[in-house]
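Only this structure's heavy atoms are used, side chains among them; waters, hydrogens and symmetry mates stay out. Letters go in sequence order (proteins before strands), and every chain restarts at 1.
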Amino acid sequence: MIRPMTESTTTFDPVELLGERFLAAIAAVAPGVGEGADPMISGSKRAELGDFQSNAAMPLAKRLGMKPRELAGAIVEKLDVADLCEPVTEADIAGPGFINLRLRADALAGLLARMDAPELGMPAPAEPRTIVVDLCGVNLAKQMHVGHLRATVIGDTLARVFERLGEKVIRQNHVGDWGLPIAMVTRKLQAEAGAGRLDLEALTLDELDRLYKLAQFECAGQGKGLAIVEKFGLGPKIEAELSAKHAEAMEHLAGAKATLVALQAHEPGVYAVWKRIYEVTMGACLEACGRLHTRITEAANAGESSYSEELRGVVEDLVARGVAEESDGALVVRLDAAGDGGIAEPCLIRKSDGGFLYATTDMAAVRRRVRTLGADRVIYTVDARQGLHFRQVFAAARKAGYATKPGASGPSVLEHAAFGMVLGEDGRPFKTRSGENVKLGDLLDEAVERAARTVAEKNPELGEGERREIAEAVGIAALKYADLSGERIKDYVFSFDRMLAFEGNTGPYLLYALVRTRSVFRKALEAGVALDYADAPIVIGHPAEKALALELLRYPSAVRGVAAALEPMRLCGYLYGLAGAYSSFYDSCHVLKAESEGLRRSRLRLCALTARVLADGLETLGLPTVERM
RNA sequence: GCCCCCGUAGCUCAGCUGGAUAGAGCAGCGGACUUCUAAUCCGCAGGUCGCAGGUUCGAAUCCUGCCGGGGGUGCCA
């Protein structure tokens, strides 16, 4: 279906359009002051007062030393909105100076027609910016768990939002694939394989996860315990026992450090084992990412190991340029100056034993992302506990010039899109009864399993294959939506019952609303109703039609709101409102049995537009959708 | 000690740059299906916005102090 594109470049958002008109009126009333004023247009909270309102008169009156109601009157007098609104009179000025506006039905219809174009009001920008999104953040040899769910889902959704807005997005999976912990498990695997207790080719992630924990345990020293024993004189026997354990652990640790050195030198035997760990872990990770309906692929892999060759150069560069300095044998970047961010804690980039730290890797990552990949904005979807770390790294990177693109006048934007913890229903961190992390795969399975039960119950006539497909989509959508629909920074309580309740603000509710838009067209086909609605004049009569129309027009601003605040919740809230408006409309405005053919065609067009916005919005959020459920 | 985040209805959460009577959902109560999927819709009830000051014509929102909860804090990642 091809429609003329001529009008699609202009906005159909009443807030923007009215803003322009108000700005002109304000400028006419207060020359020299009004030009930069904020027209303060917003949707009316109370439908009986109007559709939109401007609150501009109050703050402006203060600056001009006028009475706000008088200023409001003057603005209304200069206001030219006859083509958009019902006549605005003195009676529409309320309270201290609110100006209430009612959209004309024909204007509303015209705006909707303008929206009804392929890009739905979000044309690609002439010069896309480059946005790097750091997401997923898995560690080698460890099972993915509910914490990775947030980093993966929120990060991918933010990436999708920028993609929808036409920006160039580069996903970066900063895999924890390097350093001493990885060397520990590599060494452990070598030993197990060497002793014939392990077939590396048949290695599973479960086994890897177990050996990782074992290696960690073996290398854990008893220093603290020994100190306590000595301090309180708990006896030579216990001291000897602990000493022996400690010595053993130190031996393991020394072995791990040697393995790390071998790994860094790409010594073939060690490297081959590491490579195997990498393959097994990333295979499982990418499978989970696929099942989660994300666009995270192998191309996003940019693990810590990929920076290992750059760390020495980073540190040397920082020292040479006087950005880093020595302190107690370590190298630090001081950030306490007001111009550096005023952070009391310095950023450590090299230990006194010469080893690098994760801040060193992150400095190298900022440098690559901004200076090589050309990021205008780098977004880190990492849990909130890393707040200080990122404040330090960002400040240090800016100080070092790593955050500035070659030739750019100022640094790119570095942002930590921090998210809260996932809690169990007891309010404590989400774990199994035995205190283990819940495996991500198990979590997905249970969501899908529960969804399958409900689908079978609600729609028993579906075939086995379709039912399973629908359950997969519904379960995943429910899980992701639960993660996306709250404020990012807050901890959230994980509850299968709530996310899969299929009522209220849930993923399944949105999917259901989309299904209901689509079923109208299936039924129309069955009934032989002509689907010639594409250019049908839109008729806005019923209050439910009007509410739906107003909701539809807000779509682009909702998506842009997510990009600005990095809050997927905004789009969730918008879609929930749209789904609700559609449900009310669906209930009170029959489409196929509309009173006239004109009205039916108008409503079909409204349904089609709603379906497209819902589908586009769900795809932007990254929720899988279904035709029936 | 210092720093950061959170505190809104019984529960889970919204409330965008300060704006009119603080909104949803769940749970509770009451209605609406021979009619496009009732996984829905409509209505009722439910709140000293943690507390106390301050700024303002106007504060859940901004500032200060306190209380409660969580997290972080120089050589782990």
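Of the nucleotides present, B/A24 is the one that pairs with B/U12 by Watson-Crick or G-U wobble criteria, both distances under 3.5 Å. When Watson-Crick and G-U wobble pairs are counted only if both distances are under 3.5 Å, B/C51 pairs with B/G65. With a cut-off of 3.5 Å on both pairing distances, the Watson-Crick or G-U wobble partner of B/C41 is B/G31.
Ring geometry, A/H145 versus A/H148: the interplanar angle falls from 30° to 60°, so the pair is classed tilted.
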* Structure fact -> Letter by letter from the 5' end, nucleotides 67-74 of chain B scores (B base, S sugar-phosphate only, - none; protein heavy atoms under 4.0 Å) ---SSSSB

* Structure fact -> Whether each nucleotide of nucleotides 22-30 of chain B has a protein heavy atom under 4.0 Å at its base (B), only at its sugar-phosphate (S) or at neither (-) is summarised, 5' to 3', as --SSSS---

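Distances shorter than 4.0 Å separate some side-chain N or O of A/S519 from OP1 or OP2 on B/U37. Side-chain N/O atoms of A/K490 include one lying less than 4.0 angstrom from OP1 or OP2 on B/G7. Phosphate contact (OP1/OP2 of B/C42, side-chain N/O of A/S584, threshold under 4.0 Å): present.
Of the residues in residues 470-479 of chain A, none lies under 4.0 Å from RNA chain B by heavy-atom distance.
Residue A/P181 is classed as having no contact, given no heavy-atom separation below 4.0 Å to the nucleic acid. Contact annotation for A/G387: no contact, since no heavy-atom pair falls under 4.0 Å across all strands. A/M569 comes within contact range of the sugar-phosphate backbone alone, with a heavy-atom separation under 4.0 Å but no base atom that close. Residue A/L180 is out of contact with every strand shown, counting any heavy-atom pair closer than 4.0 Å. Contacts of A/P508 with the nucleic acid, taken as non-hydrogen atoms under 4.0 Å apart, are absent. Backbone-only contact: A/K523 has heavy atoms under 4.0 Å from sugar-phosphate atoms and none from a base.
Side-chain N/O atoms of A/E304 and base N/O atoms of B/A77 include no donor-acceptor pair closer than 3.5 Å.
Each of A/T454 and A/S44 has a nearest nucleotide on RNA chain B; the 5'-most of these lies closest to A/S44.
Judged by centroid separation below 5.5 Å and plane tilt below 30°, A/F98 stacks onto the base of B/A20. The aromatic ring of A/H590 does not stack onto the base of B/U35, failing the criterion of a centre distance under 5.5 Å from the six-membered base ring together with planes under 30° apart.
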